[in-house]
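The analysis underlying the following values was restricted to heavy atoms, covering all of them including side chains, and did not include hydrogens, waters or symmetry mates. Indexing begins at 1, ligand by ligand and atom by atom, following the structure's order. In what follows, residues are counted from 1 in the order of the sequence shown.
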Amino acid sequence: MKLVLLGAPGAGKGTQAKKLIEKFTIPQISTGDLLRAAVAAESELGQEAKSFMDKGELVPDSVVLGMVEERLGQDDCAQGYILDGFPRNTAQAEALDAMLAELGMELDSALSVEVPLEDLMKRLTGRRTCRDCGQMYNIYFNAPAEEGKCDKCGGALFQRDDDREETIRKRLEVYNEQTAPLIDYYSGKGILKSVEGTGDIEGIFANVCATLGL
Ligand code: ADP
Ligand code: AMP
């Protein structure tokens, strides 16, 4: 399975990706996670990326494309992968097509996870993530059993720097302007599928699997 997950920030792409990789043992490639790891490591790339991320803007394509190309070339991607948060604009989508052609790979599907705009703010301000295993929670919708502690591994939960109201507004604007057009891009290629992203997480996952024919 070679899949692109599309959807606004907070639509639940990461949540569904984690369930897919558990079931199908293929890697999730989240450019947001890769960039946050680079920021935490204080690498040159991370330092360049941070100023854009803090403002809710896209990190320059040159930075992201190199990172994705390196990751896709690794052995564990040969059987498939889930691209989460990439591509984010038409230039990235075209560059991905060129990269995949070079690697002799082809995408199976682009799955759009659809959630009404008015639900996204609460999902993002309420998001908490495990520092150790990356599991996502939400203080309003799916809180951990014990506040601040991961149900799966006991790790400490943290709130992302960019999950603040004014940054979220900017990220949603960037999504509408730059990323939403990819729905037409993949529809034009005949590989677009979509799924309702509201309701309980397990029910959405069942629909995701059915929609992808898994
Ligand atoms: P994305 O990767 O698209 O930005 P996430 O998977 O991180 O989104 O989800 C954003 C927030 O919404 C998280 O706090 C997550 O726990 C929560 N969430 C995910 N799916 C649902 C759902 N179906 N209903 C309510 N909250 C959800
Ligand atoms: P995410 O974790 O997908 O919500 O991404 C968090 C932030 O990382 C975004 O607001 C961007 O600043 C940056 N980012 C993640 N993926 C990309 C990408 N494909 N292109 C450019 N910037 C990205």
Seminar exercise, completed: Closest non-hydrogen contact found for Leu120 with Pro9 is CD2-O, 3.5 Å
Problem set entry | Asp54 bridged to Lys50 by N-O distance under 4.0 Å | yes
Exercise. Would you call Lys55 a ligand 2 contact, heavy-atom distance under 4.0 Å?
Worked result: no
For this session: Identify the two heavy atoms, one from Ser112 and one from Ile183, that lie closest to each other, and give their separation to 0.1 Å.
Result: OG-CD1, 3.8 Å
Problem set entry | Ligand-residue contact atoms, ligand 2 with Gly85, heavy atoms, under 4.0 Å | 16 (N), 17 (C), 18 (C), 19 (N)
Seminar exercise, completed: Numbered in order shown, the ligand 2 atoms found under 4.0 Å of a heavy atom of Gly32 are 2 (O), 5 (O), 15 (C), 16 (N)
Problem set entry | Main-chain N/O of Gly85 paired with Lys13 side-chain donor or acceptor, under 3.5 Å | no
Exercise. Arg123 side chain to Gly10 main-chain N or O, any donor-acceptor pair under 3.5 Å?
Worked result: yes
Problem set entry | For Asp76, salt bridge (charged side-chain N to carboxylate O under 4.0 Å, His left out) partners two or more places apart | Arg71
Problem set entry | Atoms of ligand 2 close to Leu35 [distance to a heavy atom under 4.0 angstrom, numbered from 1] | 8 (O), 13 (C), 14 (N), 15 (C), 23 (C)
For this session: For the pair Glu173 and Lys170, find out whether any cationic side-chain nitrogen is under 4.0 Å from an anionic carboxylate oxygen.
Result: yes
Problem set entry | Gln92: numbered ligand 2 atoms lying under 4.0 Å from its heavy atoms | 18 (C), 19 (N), 20 (N), 21 (C)
Exercise. Looking at Tyr81 and Ile26, what are the two nearest heavy atoms and their distance?
Worked result: N-CD1, 3.8 Å
For this session: Considering only non-hydrogen protein atoms, determine which one is nearest to atom 4 (O) of ligand 2 and report residue, atom name and distance to 0.1 Å.
Result: Arg160 NH2, 3.0 Å
Exercise. Nearest heavy-atom pair of Ala91 and Asp61: which atoms, and what distance?
Worked result: CB-OD2, 3.6 Å
Seminar exercise, completed: For Glu57, the ligand 2 atoms with a heavy-atom partner under 4.0 Å come out as 11 (C), 12 (O)
Exercise. Which residue and non-hydrogen atom of the protein lie closest to atom 22 (N) of ligand 2, and at what distance in Å?
Worked result: Val59 N, 3.0 Å
Exercise. What are the two closest heavy atoms between Ile204 and Gly197, and how far apart are they?
Worked result: CD1-O, 3.1 Å
Exercise. What protein heavy atom sits nearest atom 16 (N) of ligand 2, and how far away is it?
Worked result: Thr31 OG1, 2.8 Å
Exercise. Which atoms of ligand 2 are found less than 4.0 Å from any heavy atom of Arg36?
Worked result: 2 (O), 6 (C)
Problem set entry | Shortest non-hydrogen contact between Pro87 and Val4, atoms and distance | CD-CG1, 3.9 Å
For this session: Using a 4.0 Å heavy-atom cut-off, say whether Asn89 meets ligand 2 through its side chain, its backbone, both or neither.
Result: neither
Exercise. Can you tell me the protein heavy atom closest to atom 8 (O) of ligand 2 and the distance?
Worked result: Met53 CE, 3.5 Å
Problem set entry | For atom 5 (O) of ligand 2, the protein heavy atom that lies nearest, with its residue and separation | Arg88 NH2, 3.2 Å
Exercise. Can you list, by chain and residue number, every protein residue with a non-hydrogen atom closer than 4.0 Å to ligand 1?
Worked result: Ala8, Pro9, Gly10, Ala11, Gly12, Lys13, Gly14, Thr15, Arg123, Arg127, Met136, Tyr137, Asn138, Phe141, Asn142, Gly197, Gly199, Ile201, Ile204
Exercise. Any chance CD of Glu102 has more than 12 other-residue heavy atoms, nucleotides or ligands included, within less than 6.0 Å?
Worked result: no
